Amino acid sequence: MNVKFKRFMGIMILMLSVLAFTGCQKVDNGAKKAEGGETATAEAEAGQKAKFETVKEGEEFHIGIITGTVSQGEDEFRAAQKAIELYGSADNGGMIKHDTYPDRFEAEQETTISKIVAMADDPLMKAVIVNQSVPGTVAAFNQIREKRPDIILVNLVAQEDTVMVEKAADLVMDADNVSRGYRIIAAAKEMGAKKFAHITFPRHMSIELLALRRAIMEEACKDLGLEFISLNAPDPTTDIGIPGAQQYIAENIQPWIDKYGKDTAFFCTNDAHTEPLLRGVAAGGAIFVEQDLPSPIMGYPKAFSVDIKDMAGDWQAINAAVEKAVIEKGGDKRMGTWAYSLGYSLTLGSLDHVIDVLKGQGELLNKEQIVNSIQKYTEGAKWMAENYIDRASGETKENHFLLSQDTYVYGRGYLGMDKIKVPEKYLNLNVDLDAIKASQEQAEGQAK
């Protein structure tokens, strides 16, 4: 009996200990939530899994930058070159290690993943920045996270599922394709457009923010009195390649202008399509508001044979040279861009911001500090930054920022789009993204 009683008491003590520990844990967690409030929850959601250690003064460290090649993303590539010019190559005692993913990244994801993950093999690596973040970036970041949780992971211009991107990266930045969906249409109307033609392909319409922007553009056209036209073009990452995709645009832009009229504003979602589209729009007298990823060097120099090799990094000089060529080719007051490159500015701005964070001089998710870092490279330009809001849950994502800049029209100057307030309905527009992708796939089938 005594033995049984002792056994019973032992079990009771054990159970009470477990309950007490669990209760303390709940109280502790509750206290943390009460202490940190929404900030603690936001940071958890933002994927701040790693504990980033600041570097000591004089301590050597490396930052990896992965971009596309000049063919697929010249702005980002040039920014990486500028970063090496500013901070030196890691191969020669400097800070920056740069690599590029394949032009056909959709078909060569394993190569993309391996190149990104390889950055973490460097023991001095403290941060990895990818721009544009093509398919495979999330998988690569997840692999880096497993073996090097100390590395800051920065995803710029994501082309994968938004939720996955936010969970895999510590900092996510992209063009504000929500506000731009409305503002680009407002700008097109201001420039005299009566119709708006959206050129894309199914792969891009599987990217949430691009599909969302298209839906907002279509709705904005209804509200602002423009006709929305959906057009399909070949994906440059398929077997047709960049030359074939560009040839398709070159051959079809004039027939499109003939069909829809000169007061049609044309917009494409792909960088490789931009050059022949610009050339055709100028020749046909149509309208072009701005690129998918706006920049004076996105398509314009090659389209109009502008030699900018001696102007690297001097965006005001580049924009002036492009403006002169555009006006000469017939695009006066009919063609625009951003005065400073999105891809270039985001790459260098995020780099400087990360350096500040690593040196203990900044907070990774501080919006004001991020914008200040970008504006160092964009004198005179006003940037707008907003946190991304998940459309399903209505939750603000603390590690995901959307940025935009005013439209600059050649021969006219800034349009003042930064002063245009986007109606609330567009910020909360319910969109059937699957239907948009299916519609584009159907259009692709008909085009074939």
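Both backbone and side-chain heavy atoms feed into the values below; hydrogens, waters and symmetry mates do not. Keep in mind that this is a model prediction, so the values were computed, not measured.
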Using 4.0 Å as the upper bound for N to carboxylate O, is an ion pair formed by [Y] and [X]?
{"X": "Asp292", "Y": "Arg180", "answer": "no"}
{"X": "Lys419", "Y": "Asp406", "answer": "no"}
{"X": "Asp307", "Y": "Lys309", "answer": "yes"}
{"X": "Arg334", "Y": "Asp263", "answer": "yes"}
{"X": "Glu218", "Y": "Lys222", "answer": "no"}

With salt bridge (Lys or Arg N to Asp or Glu O under 4.0 Å) as the criterion, how do Asp418 and Arg183 come out once you've worked through the C-alpha distance, each side chain's angles and the decisive distance to 0.1 Å? CA-CA 9 Å; Asp418 57 316; Arg183 287 195 177 106; over 6 Å; no
ring-ring contact (aromatic ring centres under 6.0 Å, His included) between Tyr248 and His273, worked out: CA-CA 9 Å; Tyr248 180 89; His273 289 159; 7.9 Å; no
Donor-acceptor pair between [X] and [Y] side chains, under 3.5 angstrom:
{"X": "Thr238", "Y": "Asp235", "value": "no"}
{"X": "Gln159", "Y": "Gln132", "value": "yes"}
{"X": "Tyr340", "Y": "Asp75", "value": "no"}
{"X": "Glu323", "Y": "Asn319", "value": "no"}
{"X": "Asp174", "Y": "Tyr388", "value": "no"}
{"X": "Asn387", "Y": "Thr396", "value": "no"}
{"X": "Thr162", "Y": "Glu208", "value": "yes"}

Answer yes or no: are there more than 12 heavy-atom neighbours, outside Lys324 itself, under 6.0 Å from its atom NZ?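 Count not over threshold, so no.
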Counting neighbours of CD on Glu106 that are heavy atoms of other residues, nucleotides or ligands and sit closer than 6.0 Å, is the number greater than 12?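 For Glu106, atom CD is crowded (more than 12 foreign heavy atoms under 6.0 Å).
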Check the orientation of Phe201 and His204. Use parallel for under 30°, tilted for 30 to 60°, and perpendicular for over 60°.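 Plane angle between 30° and 60°, so tilted.
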Hey, what's the ring geometry for Phe266 with Trp256, parallel, tilted or perpendicular (30° and 60° as the breaks)?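 Parallel: the ring planes of Phe266 and Trp256 meet at under 30°.
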To the nearest 0.5 Å, how far apart are SG in Cys221 and NZ in Lys189?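 Spacing of SG (Cys221) from NZ (Lys189) equals 10.5 Å.
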